[in-house]
Number of protein chains: 2
Amino acid sequence: MSVTPASQPRRTYRHGDLREALLDAGIEMAREGGPDAVVLREATRRAGVSPNAAYRHFADREALLHAVSDACLGFAADRIEQSVAEVPEGDPVDTARALLRAVGTGYIAFAREEPGLFRTAFSVPDNLQRAAEPAKAGRNGRTPFQLVGFALDALVDAGVLPRERRENAEFLAWATVHGLGMLVIDGPLRGLDDRMIDYATARLLDMVDRGL
Amino acid sequence: MSVTPASQPRRTYRHGDLREALLDAGIEMAREGGPDAVVLREATRRAGVSPNAAYRHFADREALLHAVSDACLGFAADRIEQSVAEVPEGDPVDTARALLRAVGTGYIAFAREEPGLFRTAFSVPDNLQRAAEPAKAGRNGRTPFQLVGFALDALVDAGVLPRERRENAEFLAWATVHGLGMLVIDGPLRGLDDRMIDYATARLLDMVDRGL
DNA sequence: CCCTGATGTGTACACTGTCCACAACCCTAC
DNA sequence: GTAGGGTTGTGGACAGTGTACACATCAGGG
């Protein structure tokens, strides 16, 4: 997505949108090797620029990584929305249930399809206040955290989830699915075949469904 | 734990137990700064030895990190056993339930008390085959994975958990608690006060209890 | 007692993040 | 239109890292 292709050297002195180019390079490196693989010098190299140029756009490597991490959360949101979009209309109760499941399966799907981005998304310390900031949102402007919230709201509206259990239920749903994602990517559940993971995901979501 | 204190130079040519000293140094660094903080040269420095000496005991930095990670899993097991030990004897059903809860609270407690070690424990790709190997065990010779398994077995024996749901239930229980641990340490739940975390933990364990 | 394999040392290289002084450029105000 | 002036990128340098290679030193068995 860089303005100037890395192949031939830039003619103008100004790059155009170096920040974006560095970010894109960072994302690509994260995709291939996770957070540790996003290295500042390599990003500038890919952007066809000298190492120090990066410091005009990011305070340090940490800042670049943070930006990449936010972008990864956005990709996660996109993947979740994709799963959510596949939920058929129908009985409100069934739909609400299916919605939360879709969020979960989308989350796990993202972890499996893009382990590098998934790991990068959560490699950087974060907190609740920042969980909804726009930089972490996907194309539709919603962050993963917000998507979980919407699914839970739908469950309350459909009368499935008692209202008094709604508060902070994001934590439970998210933690559950997040844990599975981590264990599948590089925890002890690594290397399980796809069928096994699908099965585990389904059972996990059953548990959430029953236990929330 | 090092054989020769780092303060005064070693007199003998041989270190004595350099492998152990490097491992201890690595653990200490992991405790302070997580996986990225365990750096090979610093470990040799703390052991009072030249950088390359490490290569007689570890193939590369990755190997050292792996050993440190295994040790961290052992510490987690210790912390879990501590929580388990506090479960009072009594009605078999209540005891079995409390046992699984204790595993969960111990796990979260470890994450909160030793975030660096916790992150390090899961920083290294792993798989099921290796989940029970002795290097990952605590003082009592049991790994965290095995401890979860025992608690689940107890639930089956007490008639709480239907036998047909026992298989692979480790994944569910573990993923749930692991996810909360991750989110609390450097995910969006970071910075929540202790009461809030206790509350979330309790609700999460309620969910597991109901939904398993 | 010597010699051989194990263990630690020294030197060296490529690579990283980051600091500093400087250069090239675009924009704005006169 | 031209003279600044702030922004953006360059060059050179330094400390710190992982790791390869050749060498030094020792402990213990023949």
Side-chain angles (χ1 to χ4, degrees), chain A residues 2-30 32-69 120 123-125, chain B residues 2-6 8-26 28-30 32-69 120 123-125:
Chain A
S2 145
V3 170
T4 40
S7 45
Q8 50 197 5
R10 183 173 73 266
R11 310 197 70 244
T12 65
Y13 183 80
R14 295 292 215 264
H15 177 280
D17 195 352
L18 182 53
R19 196 197 137 88
E20 186 68 17
L22 292 173
L23 192 54
D24 287 342
I27 290 170
E28 216 43 50
M29 294 185 286
E32 292 159 19
D36 291 350
V38 16
V39 25
L40 216 156
R41 282 182 105 109
E42 173 67 17
T44 60
R45 225 172 284 134
R46 295 193 187 188
V49 110
S50 91
N52 284 321
Y55 289 90
R56 300 295 167 192
H57 302 273
F58 298 98
D60 51 15
R61 189 198 101 105
E62 194 64 22
L64 170 61
L65 184 59
H66 204 110
V68 172
S69 163
T120 306
S123 65
V124 131
Chain B
S2 150
V3 170
T4 41
Q8 50 197 5
R10 182 172 75 266
R11 311 197 71 244
T12 65
Y13 181 81
R14 294 292 215 264
H15 177 281
D17 195 351
L18 182 53
R19 197 197 135 88
E20 186 68 16
L22 291 173
L23 192 55
D24 287 342
E28 215 44 49
M29 294 185 286
E32 293 159 19
D36 290 351
V38 17
V39 26
L40 216 155
R41 283 181 104 110
E42 173 66 17
T44 60
R45 223 171 286 134
R46 294 192 187 188
V49 112
S50 91
N52 284 322
Y55 290 90
R56 300 294 167 192
H57 301 273
F58 298 97
D60 52 14
R61 189 198 103 104
E62 194 64 23
L64 171 60
L65 184 58
H66 203 112
V68 173
S69 162
T120 306
S123 66
V124 131

Here the gap from A:Arg45 atom CZ to A:Ser50 atom OG, rounded to the nearest 0.5 Å, amounts to 11.5 Å
Rounded to the Å, how far apart are A:Leu65 CG and C:dG17 C1'?
-> 13 Å
Donor-acceptor pair present, B:Asn52 side chain and C:dT11 base, under 3.5 Å = yes
Taking N and O atoms by type only, does the side chain of B:Arg19 place a donor or acceptor under 3.5 Å from a partner on the base of C:dT7?
-> no
Check: A:Arg61 side chain, C:dG17 base, donor-acceptor under 3.5 Å | no
Choose from C:dG17, C:dT16, C:dG8 the nucleotide whose nearest atom is closest to any side-chain atom of B:Leu18.
-> C:dG8
Nearest-Å distance, CD (A:Glu42) to C1' (C:dA14)?
-> 14 Å
Side chain of A:Leu40 - closest among C:dT18, D:dT17, C:dG8 = C:dT18
Is there a side-chain contact between A:Glu62 and A:Val124 (heavy atoms, below 4.5 Å)?
-> yes
Minimum side-chain heavy-atom gap A:Glu28-A:Asp24 below 4.5 Å = no
Closer to the 5' end of DNA chain C via nearest nucleotide, is it A:Pro51 or B:Arg56?
-> B:Arg56
Nearest whole angstrom, please: distance from the P of D:dT8 to the CD of A:Glu20.
-> 15 Å
Quickly work out the A:Phe58 CZ to C:dT18 P distance and round it to whole Å.
-> 13 Å
Could you check how far CZ of A:Arg45 sits from P of C:dT16, rounded to whole Å?
-> 5 Å
Respond yes when some side-chain nitrogen or oxygen of B:Arg41 is under 4.0 Å from OP1 or OP2 of D:dA15, and no when none is.
-> no
To the nearest Å, give me how far apart CG (B:Asp60) and P (D:dA20) are.
-> 8 Å
Tell me: CG of A:Leu64 to P of C:dT18, nearest whole Å?
-> 10 Å
Think A:His57 has a side-chain N or O under 4.0 angstrom from the OP1 or OP2 of D:dG9?
-> yes
Candidate pair A:Thr44 and A:Asn52, rule side-chain contact (heavy atoms from CB on, under 4.5 Å), full reasoning = CA-CA 8 Å; A:Thr44 60; A:Asn52 284 321; over 6 Å; no
A:Thr120 vs A:Ile27 side-chain heavy atoms within contact, under 4.5 Å = no
Separation of C:dC15 P from A:Asp36 CG (nearest whole Å) = 18 Å
